[in-house]
Amino acid sequence: MKQIEVVAAIICREGKYFATQRGYGEFKDCWEFPGGKIEAGESREEALKREIREELDTEISVDTFLTTVECDYPAFHLTMHCFLCSVRSGHLVLKEHENATWLNREELGSVDWLPADVEVVKELVGEK
Ligand SMILES: Nc1nc2c([nH]c(=O)n2[C@H]2C[C@H](O)[C@@H](COP(=O)(O)OP(=O)(O)OP(=O)(O)O)O2)c(=O)[nH]1
């Protein structure tokens, strides 16, 4: 099966987490943590900073590794490395996503996450 390796940024501010809604493609309208595929020669941290610059016009610091999630989708196997991050500069401009919101721990369950992200959310709310 096809393997995809991605990095995802869980951007935190004042006890809230930044979630984005996909504006295109197979998973349109699902919620995710922004990020994307690691390119050849990039470290995970470099890939994440580049993706957030491209998608949100924002510079982040990659603060702490949270978890790696493995998830089987019908068409591929996903490995997703998740990091807690914070904004260094920029205003999280939505260049690719159709919507975004800040969610506190209690609100994390209120949006329709991509399958892999359900595991990440469990980790964040302390169920795992
Ligand atoms: N970025 C991101 N991708 C996720 C998450 N959860 C999840 O299942 N995915 C899946 C959806 C996509 O199939 C894949 C990442 O693709 P992507 O579209 O963000 O990556 P990309 O921008 O580098 O690639 P592309 O659109 O050029 O194909 O991982 C998540 O929280 N964040």
Side-chain angles (χ1 to χ4, degrees):
M1 199 193 289
K2 192 164 94 170
Q3 309 270 337
I4 296 182
E5 188 174 14
V6 305
V7 282
I10 298 155
I11 301 172
C12 318
R13 187 166 72 198
E14 295 166 4
K16 293 195 171 196
Y17 304 98
F18 188 67
T20 47
Q21 189 174 29
R22 283 208 163 222
Y24 63 93
E26 190 186 350
F27 302 112
K28 183 171 159 32
D29 299 337
C30 283
W31 290 79
E32 66 177 3
F33 294 106
K37 298 185 189 101
I38 304 170
E39 291 179 358
E42 271 182 336
S43 67
R44 292 170 184 175
E45 183 169 333
E46 285 166 351
L48 197 47
K49 288 182 173 172
R50 174 187 51 73
E51 287 284 353
I52 300 306
R53 207 175 288 134
E54 289 173 3
E55 293 180 2
L56 297 164
D57 218 0
T58 293
E59 296 296 323
I60 53 164
S61 62
V62 177
D63 300 322
T64 319
F65 170 74
L66 179 71
T67 189
T68 295
V69 174
E70 305 281 347
C71 187
D72 281 318
Y73 284 91
F76 55 91
H77 177 83
L78 179 76
T79 301
M80 181 166 76
H81 310 289
C82 304
F83 296 85
L84 297 175
C85 300
S86 46
V87 171
R88 288 172 69 99
S89 63
H91 299 283
L92 298 169
V93 181
L94 302 186
K95 299 177 77 179
E96 294 179 11
H97 291 93
E98 61 184 15
N99 199 3
T101 188
W102 290 92
L103 302 169
N104 64 29
R105 274 167 55 116
E106 292 69 35
E107 293 162 338
L108 275 170
S110 67
V111 299
D112 184 16
W113 293 101
L114 277 169
D117 297 70
V118 173
E119 293 306 307
V120 184
V121 167
K122 279 186 194 162
E123 191 104 17
L124 286 173
V125 300
E127 286 174 10
K128 271 182 74 182

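Small disclaimer: the values here were computed from a predicted structure and weren't measured. One-based numbering, in listed order, for ligands and for the atoms of each.
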Notebook entry, point to check: Given Arg50, which of Glu39, Glu45, Glu59 fulfils the salt bridge (Lys or Arg N to Asp or Glu O under 4.0 Å) condition?
Noted result: Glu39

Next item on the list: Dump the intermediate steps for side-chain contact (heavy atoms from CB on, under 4.5 Å) on His97 and Glu32, then the final yes or no.
Entry: CA-CA 10 Å; His97 291 93; Glu32 66 177 3; 2.7 Å; yes

Item checked: For atom 13 (O) of ligand 1, the protein heavy atom that lies nearest, with its residue and separation -> Phe76 CZ, 3.4 Å

Margin query: Taking a cutoff of less than 4.0 Å between a non-hydrogen atom of the residue and any ligand atom, is Trp113 in contact with ligand 1?
Written below: no

Checklist line | Nearest-0.5 Å distance, CG of residue Asn99 to OG1 of residue Thr20 | finding: 9.5 Å

Checklist line | Pairwise distance SG(Cys12) to CZ(Phe83) - rounded to 0.5 angstrom | finding: 13.5 Å

Check: Do Glu70 and Thr79 get their side chains close enough for a donor-acceptor pair, meaning under 3.5 Å?
Finding: yes

Notebook entry, point to check: Got the closest protein heavy atom to atom 15 (C) of ligand 1, with its distance?
Noted result: Val6 CG1, 3.5 Å

Check: Tell me, which protein residue and heavy-atom name are nearest atom 8 (O) of ligand 1, and how many Å apart are they?
Finding: Tyr73 OH, 2.4 Å

Check: Quick one: does Tyr24 get a heavy atom under 4.0 Å from ligand 1?
Finding: yes

Check: Should Tyr73 and Glu26 count as side-chain neighbours, where that means a heavy-atom distance under 4.5 Å?
Finding: no

Check: Phe33 to ligand 1: N or O pair under 3.5 Å?
Finding: yes

Check: When you look at NZ of Lys28, are more than 12 heavy atoms from neighbouring residues, nucleotides or ligands closer to it than 6.0 Å?
Finding: yes

Check: Can a salt bridge be assigned to the pair Glu5 and Arg44 using a cut-off of 4.0 Å between side-chain N and carboxylate O?
Finding: yes

Checklist line | ligand 1 to Gly35 polar contact by distance, N or O atoms, under 3.5 Å | finding: yes

Note to self: Under 4.0 Å from a heavy atom of Ala116: which atoms of ligand 1 are those, numbered in the order shown and with their elements?
What the structure shows: 8 (O)

Checklist line | Option with minimal heavy-atom separation from atom 4 (C) of ligand 1, where the choices are Glu32, Arg50, Glu5 | finding: Glu32

Notebook entry, point to check: What part of Glu51, side chain from CB on, backbone N/CA/C/O, both or neither, has a heavy atom under 4.0 Å from ligand 1?
Noted result: side chain

Note to self: Is the contact between Leu78 and ligand 1 made by the side chain, the backbone, both, or neither, using heavy atoms and a 4.0 Å cut-off?
What the structure shows: side chain

Margin query: Using heavy-atom distances only, which candidate in Arg22, Lys37, Glu119 approaches atom 12 (C) of ligand 1 most closely?
Written below: Arg22

Next item on the list: Specify the protein heavy atom at minimum distance from atom 9 (N) of ligand 1: its residue, its atom name, and the distance to 0.1 Å.
Entry: Leu114 CD1, 3.7 Å

Margin query: I need the nearest protein heavy-atom contact for atom 31 (O) of ligand 1: residue, atom name and distance, please.
Written below: Asp117 OD2, 2.4 Å

Item checked: Short side-chain to backbone donor-acceptor contact, Glu107 and Asn104, under 3.5 Å -> yes

